[in-house]
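Read the numbers this way: they start at 1 and go in the same order the structure lists the ligands and their atoms. As a basis for the values below, the full set of heavy atoms in this structure was taken, side chains included, without hydrogen atoms, waters or symmetry mates.
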Amino acid sequence: MAEYVRGAPEVAVIRMCNPPLNTISDVMLRALSEEVNRANIDPTVKAVVICGANGKFSAGADIRGFSVGIEKNTLSLESVAALIEKSEKPFVAAIEDIAFGGGLELALGCHYRIANMKAQFGLPEVKIGLLPGGGGTQRLPRLIGIPTALDMITTGKYVPATEALKLGLLDEIVEENPFEAAIKLARRILGQPVGPRRLSLKQTPKLPNMEAFLHEALLKVKKQAPGCLSPEMCFRAVEASVYLPFAEGIRKEKELFLLLLTSDQAKALQYAFFAERISKKWMLPNGASWKTVSPQPIRKAAVIGLGTMGQGIVVSLVKAKIPVVALEKDKKHLEIARKAIKASLERETLRMQQKGKTLDIHKSKLLHFTLDFGALKDVDLVIEAVFEDMVLKKETFCKLSEICKPEAFLGTNTSCLDIDEIASITNRPQQVIGTHFFSPAHVMKLIEIIRGQHTSPTAIATIMNLAKMMDKCGIVVENCFGFVGNRLLSSYTEQTYFLLEEGSTPEEMDKILEEFGFKLGPFKVSDLAGLDVGWKSRIGQGLTGVNLPLGTPPRQRDGKRYSPLPDILCENRRYGQKTGKGWYLYDKPGGKIAKSDPWLHNFLQNYRKAHNMTTRTITQEEILERCLYSLVNEGFQILSEGIASCPEAIDTIYLNGYGWPRHKGGPMFYASEVGLPKILTKLQKYAEANPDIPKLQPSPFLQKLVTLGSPPLKNWPSLVSPQQSKL
Ligand code: NAI
């Protein structure tokens, strides 16, 4: 686990070897401590370099054994960092590529740190519900000060070597492997006292307005992930570095770490971390899979339709350094899009520069704007993002089929339409695939990758690879109306409208769901996204508007309960923020601050009267259960239909595309934590009270799982009937 060699006659080298990322385990800690002791007692050794094998320093503790040392009271990471720091011989950390979590904490125990240009640094424990428990919360603020240390520790963000040098986290950076430079540095400092380099002996640098700063910082941390414990505990630990001596600060760090380690939230966040990895591993019933199928290269792509989504998709492709042909239907829209994309790319360039990366949009000639379909003849992939209209989509794909080279892949960004129907118009249905990005597409991580009945495994592998190149999370799902995410969402929003009819208010429901952990409640989300988006879709489905058959009861469609409330708002041009009013009132069109709107409350009262509905007081419990349990119920249905391969895929989609609070794991994980029997019983109760709402009828798959004694979530896919398993 740790090699001990000589780097120079008086310099010992301890090399961490735990491929591929030199993660820190119990065994590694023991080996490190033995080698540190060996160097300490060898009189011929005057300085020590610590480095990592395999071109990496260390990715930190293995997430599966995160409690290394601390829980079992064996050797802890902090005790090894302290052992290094206490040495009378200078220790130099030679950091290649990554020093994350425990890896960085070990480096903070060293007296000097040197890294290559490409190296990245971070303490990401907060993201999995923990805090850096190896002394990081006490040493880092002493080294780089409270503001930056707090930012790094409470967000888990990574900083590049150039920034780390400016912050004082590093003593030097070099172009390539820092090993030789570390040996040189070690020889240069021989004989110099190490006392002044021990971080535990330093004070955290004071700020003139420390209390006010910490007060503001805490508010920011709480806002960043409402209801999530780990950022606040990270804050508390770092705060201790200001007010407590080092040893007491370490005790506080340990106490808070143990509190988090056993929390439900850490379990949920770690589940979410693994769920993303599990759900990327797609496999088809014929055995084709992520392992066996190679992606085709995308040397040049095209995006058709440069509205809200098309613009973001273009930016994502350019960021991945893929040349893009960007096509619109007329000059006016092309110019609007050109300006918006340019501005967005400039913002991205700035953002990437701050992260130490480059994106030279001017030199790279990555973008070609056009009105001419002929410009698409040599692209490897087209992503269509025109209006959500089957006729228009089919027209577009028919043209693409004629113009694009036969091996080009054709993706559609449709949010719910039938991929097979779109593919049927082309001469290459095997190359047609759903590429469902989320808004704003250059920010949101998720892409639902929809497999039509003819979509080839190569098309799937290629789009999965593209997602990776764009630093996004691709999840393969089957074709059905709304796919996975929008199906879950519509179950949830449908309940919010029904509850509104029955007596609740947007303010009340938003508050309850925000307290549950959503950053924005459903009505604020609807105002932000624009009520007209769903309205157009409902008009298209004939649920409202001119296509609605005369005589259709206002609150019923196909014998099921229907709420026309969002349609009526749209008919009154209340589209949300963009028109200055929706479920809330805004100071102006485009305004962002939601205020309660007396018009809406008055309207709701009249609406209830007109439909002979008695307003009732609805409990918080009922609001939460009807919204969330109907959502997870749809998840069980999706699983049983084989639309998603596993609950982890559903959770990853909902976490990355729909703002489900990460510290609650994902809807299916949440269901397993609440307990399937409870969810079933409650759904049965609500279904009985609302026989005209089919989405409250418990899914037969949920019933089957309860009958089987609620097996653990990881076993659910194996219990789906084999005829239904498509992924
Ligand atoms: P949008 O209305 O903002 O943009 C559509 C663009 O397509 C317009 O700029 C229009 O000029 C252009 N266009 C129309 N016909 C064209 C043609 N024949 N040739 C070239 N360009 C043409 O629509 P948005 O919101 O960007 O949606 C696009 C697609 O993405 C739809 O299928 C939608 O369902 C889907 N989607 C939308 C999301 C959203 O939040 N807005 C989220 C995910 C998917």
Engineer: Identify each donor-acceptor pair in which a side-chain atom of residues 431-438 lies under 3.5 Å from a protein atom, sequence neighbours left out, and give them as a table.
Structural biologist:
unit_1: Q431; atom_1: NE2; unit_2: E407; atom_2: O; d: 2.8
unit_1: Q431; atom_1: NE2; unit_2: A408; atom_2: O; d: 3.3
unit_1: T435; atom_1: OG1; unit_2: T412; atom_2: O; d: 3.3
unit_1: H436; atom_1: ND1; unit_2: E448; atom_2: OE1; d: 2.9

Engineer: Between K394 and E421, does any side-chain N to carboxylate O distance fall below 4.0 Å?
Structural biologist: yes
Engineer: Compile the protein residues with any heavy atom at a distance under 4.0 Å from an atom of ligand 1; present them by chain, then by number.
Structural biologist: I304, G305, L306, G307, T308, M309, L327, E328, K329, H333, A385, V386, F387, E388, L392, K393, N413, T414, S415, H436, F437, S439
Engineer: Only counting residues at least two apart or in another chain, list the ones meeting salt bridge (charged side-chain N to carboxylate O under 4.0 Å, His left out) with K405.
Structural biologist: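 Result, salt bridge (charged side-chain N to carboxylate O under 4.0 Å, His left out) vs K405: D380.
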Engineer: Could you list the donor-acceptor pairs under 3.5 angstrom formed between side-chain atoms of residues 458-465 and any protein atom two or more places apart in sequence or on another chain?
Structural biologist:
unit_1: T462; atom_1: OG1; unit_2: Q296; atom_2: N; d: 2.9
unit_1: T462; atom_1: OG1; unit_2: T458; atom_2: O; d: 2.6

Engineer: Using only heavy-atom distances, determine whether the side chains of Y271 and D651 contain a donor-acceptor pair under 3.5 Å.
Structural biologist: yes
Engineer: Please confirm whether the backbone N or O of K560 pairs with a side-chain atom of D558, one donor and one acceptor, at under 3.5 Å?
Structural biologist: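 Absent.
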